[in-house]
Novice: 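Please read through the structure below; I'll follow up with questions.
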Amino acid sequence: MVGWRRWWRPVISATALVLTSTVWLLFAPQQFGGPAGYVIITGNSMEPTFHNRDLVIVRRDPPYVVGEVVAFHDADLGRPVFHRILARDGSRFIMKGDKNEWTDSYSPRESEIIGRTWLHLAGVGDKILWLRLPLNMALAASLVGVGLTVVMRYRPRPRWRGGRRPRPAQTASPEMKSIADHKEVVLFVSAAVGLAALLLGVASLLRPPTRVVADDLAYSHTGQFRYTAAAPPGLYDQPEVQPGEPVFTPLTCLIRVEFDYQLVSDAPAQLGGTYSLLAEVSDTSGWKRTLTLHQSTPFNGASFSTQSPLNLCYMQGFIKNMEEQTGIRRSVYELAIIPHVETSGSLGGRPIDDSFAPRLTFQFDPAQAQLLRSDPEVDPLRPVEEGVLEGARVEVSTLSILGWKIDVVRARWIALAGLLLAVGGLGVFAAVVLRASRVDRTSLVDLKYGPLLVGVGRGGDPSGGRLVDVRSVDDLARLAQHHGLMILHRAAPEGHWYFVQDGQTIYRYLLHTLPAGVSAGQAGALTRELEQALERKEFEVHYQIIRSLDTGRVSSVEALLRWRHPQRGLVSAADFIPAAEQSGLIVPIGEWALREACNQLAAWHKIGHTQLGLVVNLSPRELAGDGPATIRRVLRETGVNPERIYLEVSERLLMDAPPEIGGQLRELREIGVHVGIDNFTAKTSLEALRRLPIDGVKIGHASIGRVATDADEAAITHATISAAHSLHLQVVAEGVESQEQVTFLKEGQIDLAQGYFFGRPAPADEVQVVLDQGAQALAPARRRRKSQDGS
């Protein structure tokens, strides 16, 4: 529908905005505060799962566990690396490629991990690398720009007839005009808030309120070695040998060794332990001799200091003794100073029991002891060993939105508040629209389809084409949109006419005005009650028997709609059918009544009343549009023989009907049902009766009620009966209440009659008692009119 599509434009715009924002929040690069990292695989170290030039999107979401494939920043290489976590060593991760036989030389910390694997897009990396080329990027940008320009410029517009654009209709009330001015803002904001809240709610519901995460306590053993020795003046820069400088044993044998220890951690500590200090001389074959410099000593706290003298000449004595006894002489030995530290206690409330035994190693020969440096970037005088106390804790789950973290529970409440705000805003807006539309339904049409409406005066209706009535103004708007046409609008005493002319076909719709004395509020309230009655199945079908005046038998029954109101009791159709007509509810109510009556007729046929006929009234709206198709469907679904169905339309409808009403009646005749005129008063010309495809007429209450007391009315009724019989039409009298009326009708050779004299309308079970009391007459056969050729 054009109107509702216009209403949906702000909703679609808001949806596009929220979805675009959501995509950005999910895929925003980490450089812009987002959670995603983009890695293009280079090499084959992760085959067979990940191949060269694949694109992998990773998400930063600690903690990371062994076995996950992550991207991390390798400080040695100066670039990202994409490998699997093999193990954990303290606060660092041991990494390895799936195809490699070796582990990575660099072990990243958690802070250096870019993220775990989220999306794997095979072969996409090549496209991104191609797009990075300046020429290709310029070409792609140009194509996107041209496409957007074409989309923005192409906007199909409605067509109108004539050389100048008609002036739009201006019939909306000031309240509706205000609603129209603000509806897009209200709908846009409500849709944006509602959809954002919905997405936030879904994201928060997919995560539990709490989660168990690793809560490791990192700590480090740190040491500080120092050694000094006396030296002859002028040999060193200082009067003593300083740490790191060689000690020449021909000049001095005695050195003083010092060691400082501290356990470093951010967690509160209650520590203690023991320490000892050893000196060890060894060679490459595995031989060694150990000398205790300081016996095992307890300490309290997280640090201690110790010192001890070491006689290098004494250590050379160990070497000389070994060489003399074995005859093996080596040019170089190793001398190591080893502190043994055993630490225990609690760290951050967790028990700790760890050891630390760094080695200060010298290259040792008869001439000197020279400090060894195996790694130029590591200071052997400052040994450090990291450790971790593994643990877990329960914490509140959070959502990360561009670096802003929000608790899951709080996110749920925010989402709920957003949804309530959006629904409340739409509800208030809908209530305002509903209240305004009850005042004037044409204003609601203007609100929905204003840009398509063109006001015309009397005489401005389209003419010269085939008239087709549609069931609603929405159907008319769909036709206008499909063909790119405008909707002509004219106010008339009977209501508001809307037209769409497509070539030689004129589609029209009549919006009825409210009946006199019925306020808009009353009509709106009654309409709402009717809608609820249809949903709650409060409608009933009662039946009034129709007897043959010739045989006295029941020929058929007329289905009459009733409303079993919860407060007002049984309500006659005359009290609610006008409101149903005006609101359009007559279509679903009428279809329900037809289906109910047909099902009942089928039930009566099954128990032996096979010749019983059924009379059903049709309203103008039921007959318009696809009414015949609906009737055909109901008959097919209920299995009723169409020959037993008699459909009646009012004389007023035929008098005011457009020419195409004949085609609709013929379509009904083709189904196989009978068609008659209800409340016939002879105002319809005989020529019209001859042209219309009908089988009979029903003389209404007003005429039958006066035939016994009014000679003129009796004469008119006799003439009416004679005229109908001359056209081979069946005649039914309605509203028969006395024996005098029955006598008059028999003298006039009328066919059938109904009224209180024969029986009031009653539920199906009561009517069945009457049917079961005697045999029924044959249903009235369709009288065939003679054609001009005498057939």
Side-chain angles (χ1 to χ4, degrees), residues 543-560 572-574 577 613-620 645-657 665 673-761 777 779-783 785:
Y543 302 89
Q544 188 174 36
I545 61 174
I546 301 175
R547 289 187 181 272
S548 169
L549 293 180
D550 184 24
T551 65
R553 297 177 179 177
V554 177
S555 171
S556 55
V557 294
E558 180 175 1
L560 299 172
S572 173
I577 287 298
L614 176 67
V615 178
V616 179
N617 290 284
L618 285 183
S619 72
I645 303 299
Y646 206 113
L647 301 178
E648 293 183 343
V649 294
S650 69
E651 184 182 43
R652 179 185 57 83
L653 169 62
L654 294 178
M655 292 176 63
D656 300 335
L665 295 178
V673 301
H674 303 275
V675 178
I677 300 177
D678 191 18
N679 292 321
F680 186 70
T681 62
K683 293 180 180 179
T684 305
S685 68
L686 293 179
E687 177 61 24
L689 285 178
R690 191 185 66 82
R691 287 189 294 102
L692 289 172
I694 60 175
D695 299 295
V697 296
K698 179 180 286 185
I699 301 175
H701 294 78
S703 299
I704 298 299
R706 295 194 297 269
V707 294
T709 58
D710 189 330
D712 292 337
E713 187 68 38
I716 294 173
T717 304
H718 265 300
T720 301
I721 297 172
S722 298
H725 282 164
S726 68
L727 295 175
H728 304 282
L729 299 177
Q730 176 181 268
V731 181
V732 182
E734 184 179 29
V736 179
E737 298 181 357
S738 67
Q739 182 61 51
E740 291 80 3
Q741 293 171 349
V742 173
T743 302
F744 172 84
L745 296 174
K746 285 184 176 181
E747 292 175 353
Q749 297 183 347
I750 202 165
D751 302 305
L752 304 169
Q754 68 183 103
Y756 287 176
F757 184 81
F758 302 108
R760 292 175 176 269
R782 177 181 300 171
R783 296 173 179 262
R785 284 175 287 177

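When reading the values below, keep in mind they use all heavy atoms of this one structure, side chains included, and skip hydrogens, waters and symmetry mates.
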Novice: Would Q741 and F757 count as a side-chain contact (heavy atoms from CB on, under 4.5 Å) if you check the C-alpha gap in whole Å, the side-chain angles of each, and the deciding distance to 0.1 Å?
Specialist: CA-CA 10 Å; Q741 293 171 349; F757 184 81; over 6 Å; no

Novice: Holding to side chain to side chain donor-acceptor pair (under 3.5 Å), I want the full list of residues that pass it with E737, two or more places apart in sequence or in another chain.
Specialist: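 None.
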
Novice: Do D695 and Y646 have side chains that get closer than 4.5 Å, going by heavy atoms?
Specialist: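 SC-SC contact between D695 and Y646 confirmed.
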
Novice: Does Q754 offer a backbone N or O that forms a donor-acceptor pair with the side chain of E734 under 3.5 Å?
Specialist: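 No: the side chain of E734 does not pair with the backbone of Q754.
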
Novice: So, do V554 and I546 sit near enough that their side-chain heavy atoms are less than 4.5 Å apart?
Specialist: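 Side chain of V554 against side chain of I546, heavy atoms only: no contact under 4.5 Å found.
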
Novice: Might you point out which heavy atoms bring F744 and A714 nearest each other, and give the distance in Å?
Specialist: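 What the structure gives for the nearest pair is CZ-O, 3.5 Å.
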
Novice: NE2 of H725 to CD of Q730: how many Å apart, nearest 0.5 Å?
Specialist: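 Rounded to the nearest 0.5 Å, the NE2-CD separation comes out at 8.5 Å.
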
Novice: Ignoring hydrogens, what is the shortest heavy-atom contact between P693 and L665? Give both atom names and the distance.
Specialist: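 Closest heavy-atom pair between P693 and L665: CG-CB, 3.5 Å.
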
Novice: R547 side chain to G552 main-chain N or O, any donor-acceptor pair under 3.5 Å?
Specialist: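 At least one qualifying donor-acceptor pair exists.
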
Novice: Shortest non-hydrogen contact from G700 to N679?
Specialist: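 Here G700 and N679 meet closest at CA-OD1, 3.9 Å.
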
Novice: Drop me the distance from I716's CD1 to I721's CD1, to the nearest 0.5 angstrom.
Specialist: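 The CD1 atom of I721 is 12.0 Å from CD1 of I716, to the nearest 0.5 Å.
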
Novice: Atom CD1 in I704, atom NZ in K698: separation rounded to 0.5 Å?
Specialist: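 Going from the CD1 atom of I704 to the NZ atom of K698 covers 11.5 Å.
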
Novice: Would you say D710 has more than 12 foreign heavy atoms packed within less than 6.0 Å of its CG?
Specialist: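 More than 12 within 6.0 Å, yes.
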
Novice: Please report the C-alpha distance between L729 and I694 in whole Å, then the side-chain angles of each, then the deciding distance to 0.1 Å, and finally whether the side-chain contact (heavy atoms from CB on, under 4.5 Å) criterion is met.
Specialist: CA-CA 8 Å; L729 299 177; I694 60 175; 4.1 Å; yes

Novice: Please find the pair of heavy atoms, one from A753 and one from L549, that lie closest to each other, and give the distance.
Specialist: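 Between these two residues, the closest heavy atoms are CB-CD2, 3.8 Å.
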
Novice: Please report the closest heavy-atom contact between A559 and V616, naming both atoms and the distance.
Specialist: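 Nearest pair, atom of A559 first, then V616: CB-CG2, 4.3 Å.
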
Novice: Between atom CZ of F680 and atom OG1 of T720, what is the distance when rounded to the nearest 0.5 Å?
Specialist: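 F680 CZ to T720 OG1: 6.0 Å, rounded to 0.5 Å.
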
Novice: Which of these passes side chain to side chain contact (heavy atoms under 4.5 Å, CB included) with V736: V742, I750, I699?
Specialist: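 Single pass found, and it is V742.
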
Novice: Please check if any side-chain donor atom of N617 sits under 3.5 Å from a side-chain acceptor atom of E558, or the reverse.
Specialist: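 Result is yes, a qualifying pair exists.
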
Novice: When rounded to the nearest 0.5 angstrom, what is the spacing between OG in S650 and CD1 in I677?
Specialist: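 CD1 of I677 is found 9.5 Å from OG of S650.
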
Novice: Would you name the heavy atoms of V731 and A724 that are closest together and state the gap between them?
Specialist: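 Minimum heavy-atom contact is CG2-CB, 3.5 Å.
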
Novice: Spell out, as yes or no, whether a donor-acceptor pair under 3.5 Å connects the side chain of Q544 to the backbone of G759.
Specialist: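 Checking the backbone N and O of G759 against the side chain of Q544, a donor-acceptor pair under 3.5 Å is found.
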
Novice: Does D678 use its side chain to pair, donor to acceptor, with the backbone of V649 at less than 3.5 Å?
Specialist: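 No: the side chain of D678 does not pair with the backbone of V649.
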
